[in-house]
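Bear in mind the structure is a predicted one, so any value in this text is a computation, not a measurement.
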Amino acid sequence: MATGTEPPATEPLPGSGGVRAGTRAAIAAPHLRTDRWWLAPAGTAAGLLAFIVYSTWRAFANADYYAAPYVSPFYSPCLAENCEPMKAGPNWEIFGPWWGISPAIIILIFPLGFRLTCYYYRKAYYRGFWASPPACAVAEPHRKYTGETRFPLILQNIHRYFFYAALLVAGILTYDTVLAFRDENYAWGHMGLGTLVFLVNIVLIWAYTISCHSCRHIVGGKLKHFSRHPVRYRMWQWAGKLNARHMQLAWASLVSVALADFYVYLVASGAFDDPRYF
């Protein structure tokens, strides 16, 4: 029923498409938001870009990543023959002398693949870098929206498999944290500031990994009767509580892994002496 308040019909904008097509509401402005909606995606882009720049520099540096008993999480496990020898450390010389570049390139593909396909990080870089969409109630600039149905975004569906790899990496980093209770001469029963840095990092890494949507589905998905599976139901509840903080854990673990690597860099380069508590 006509009310007399309908906006006048408008022709589609030349060359426009997607959300800006002729079926869009007849509003001249691209959106009606007056707040600083761009701060969130801009901050997200800045944070992720800073980590990308730092991790790229450290991954290709191939130096200052081991200072007994600490090994950078970017280089663990070290799978190439050109790794620095680490006593009882994660030295697995799978790649022989033909591998001439940084060994970090081999292992970083797994934690980075896990994060890049993570549900939160998808939202973060979709908004921060691709403006798809940049914010709620703000139209995206793309002519057509295909979601994750075409290459390359369809590869996001392999997230569950990267989750299994992330579990393995988290287990290895846990082993590195245990080794951090040694001194520079590999004697057990010692604790330094680096040990605390590694402890905080591994707790956040595990919290972020377990809070993953894939983990929640694995432990409690496809169950028709929770009462018949009390253990899985309890695990599903725990994962659900962590999942509610998935965004915060994603950022906290991203910062902590970078700080753990930077701490090892400072000690290994001689810029900082690791304080020992006992």
Side-chain angles (χ1 to χ4, degrees), residues 51 54-55 57-59 61-95 102-104 106-108 110-112 114-115 163-212 215 235 238-239 241-242 245 248-278:
F51 180 81
Y54 173 79
S55 60
W57 165 60
R58 287 293 293 141
N62 195 19
D64 300 324
Y65 59 83
Y66 180 67
Y70 309 124
V71 56
S72 164
F74 288 177
Y75 287 81
S76 183
C78 215
L79 301 179
E81 192 174 296
N82 62 348
C83 295
E84 292 189 21
M86 297 177 282
K87 186 175 180 180
N91 275 104
W92 303 338
E93 298 177 359
I94 300 176
F95 292 76
S102 173
I106 306 172
I107 192 62
L108 279 180
F110 299 106
L112 287 179
F114 177 59
R115 288 184 181 266
F163 169 73
Y164 299 133
L167 286 178
L168 178 60
V169 172
I172 295 170
L173 295 183
T174 302
Y175 176 71
D176 294 341
T177 304
V178 173
L179 295 182
F181 284 91
R182 304 178 300 174
D183 62 12
E184 63 276 7
N185 298 315
Y186 306 104
W188 286 97
H190 298 273
M191 181 177 180
L193 177 59
T195 310
L196 291 180
V197 172
F198 274 50
L199 279 172
V200 172
N201 178 57
I202 195 58
V203 169
L204 290 174
I205 289 292
W206 273 113
Y208 166 65
T209 304
I210 296 175
S211 69
C212 170
C215 177
M235 294 172 63
W238 291 339
K241 291 179 180 179
L242 286 175
R245 299 289 185 268
Q248 293 88 338
L249 292 172
W251 280 106
S253 60
L254 192 73
V255 172
S256 71
V257 73
L259 287 178
D261 170 82
F262 187 64
Y263 187 88
V264 175
Y265 166 74
L266 292 177
V267 176
S269 63
F272 181 75
D273 292 328
D274 179 48
R276 289 285 167 174
Y277 298 120
F278 56 84

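For the residue pair Val71 and Met86, the shortest heavy atom distance occurs at CG2-SD, 3.4 Å. Here the closest non-hydrogen pair linking Ala170 and Thr174 is O-OG1, 2.8 Å. Of all the heavy atoms in Ala80 and Ile106, the pair that sits closest is CB-CD1, 4.1 Å. Of all the heavy atoms in Tyr65 and Pro103, the pair that sits closest is OH-CG, 4.4 Å. Across all their heavy atoms, Tyr70 and Leu193 have their closest contact at OH-N, 4.4 Å.
Rounded to the nearest 0.5 Å, atoms CG (Leu167) and CZ (Phe114) are 7.5 Å apart. Rounded to the nearest 0.5 angstrom, Thr209 OG1 and Leu242 CG are separated by 10.5 Å. A distance of 8.0 Å separates CG in Asn91 from OH in Tyr66, rounded to the nearest 0.5 Å. Residue Thr195 holds its OG1 atom at 10.5 Å from CG of Leu179, rounded to the nearest 0.5 Å. From Trp206, atom CH2 reaches atom OG of Ser211 across 12.0 Å, with rounding to the nearest 0.5 Å. One distance of note links SG of Cys78 with CD1 of Ile172; it measures 11.5 Å at 0.5 Å rounding.
Taking a 6.0 Å sphere around CE of Met235, one finds it holds 12 or fewer heavy atoms contributed by other residues, nucleotides or ligands. More than 12 non-hydrogen atoms from other residues, nucleotides or ligands lie less than 6.0 angstrom from CZ of Phe163. Counting non-hydrogen atoms of other residues, nucleotides and ligands closer than 6.0 Å to CZ of Arg276 gives a total above 12.
Each of Tyr265, Phe51, Phe74 was checked for a ring pair (Phe, Tyr, Trp, His ring centres under 6.0 Å) with Trp57, and the lone residue meeting it is Tyr265.
By the side-chain contact (heavy atoms from CB on, under 4.5 Å) test, Ser102 is found to be paired with Asn62, Tyr75, Ala104, Ile105, residues two or more places apart in sequence or in another chain being considered.
No donor-acceptor distance shorter than 3.5 angstrom exists from the side chain of Ser76 to the backbone of Pro73, with no hydrogens or angles considered.
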All N/O donor-acceptor pairs, side-chain side in residues 251-264, below 3.5 Å, sequence neighbours left out:
unit_1, atom_1, unit_2, atom_2, d
Trp251, NE1, Tyr120, OH, 2.6
Ser253, OG, Arg115, NH1, 3.3
Ser253, OG, Arg115, NH2, 2.8
Ser253, OG, Leu249, O, 2.8
Ser253, OG, Ala250, O, 3.1
Ser256, OG, Asn201, OD1, 2.8
Ser256, OG, Ala252, O, 3.4
Ser256, OG, Ser253, O, 3.0
Asp261, OD1, Arg58, NE, 3.4
Asp261, OD1, Arg58, NH2, 3.3
Asp261, OD1, Ser72, OG, 2.4
Asp261, OD2, Tyr54, OH, 2.4
Asp261, OD2, Arg58, NE, 2.8
Tyr263, OH, Gly194, N, 3.3
Tyr263, OH, Asp274, OD1, 2.4

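With contacts defined as side-chain heavy-atom distances shorter than 4.5 Å, the pair Trp188/Val178 qualifies. Counting only heavy atoms from C-beta outward, the side chains of Val169 and Leu173 approach each other to under 4.5 Å.
Applying the salt bridge (Lys or Arg N to Asp or Glu O under 4.0 Å) definition to pairs two or more places apart or across chains, none involves residues 166-195.
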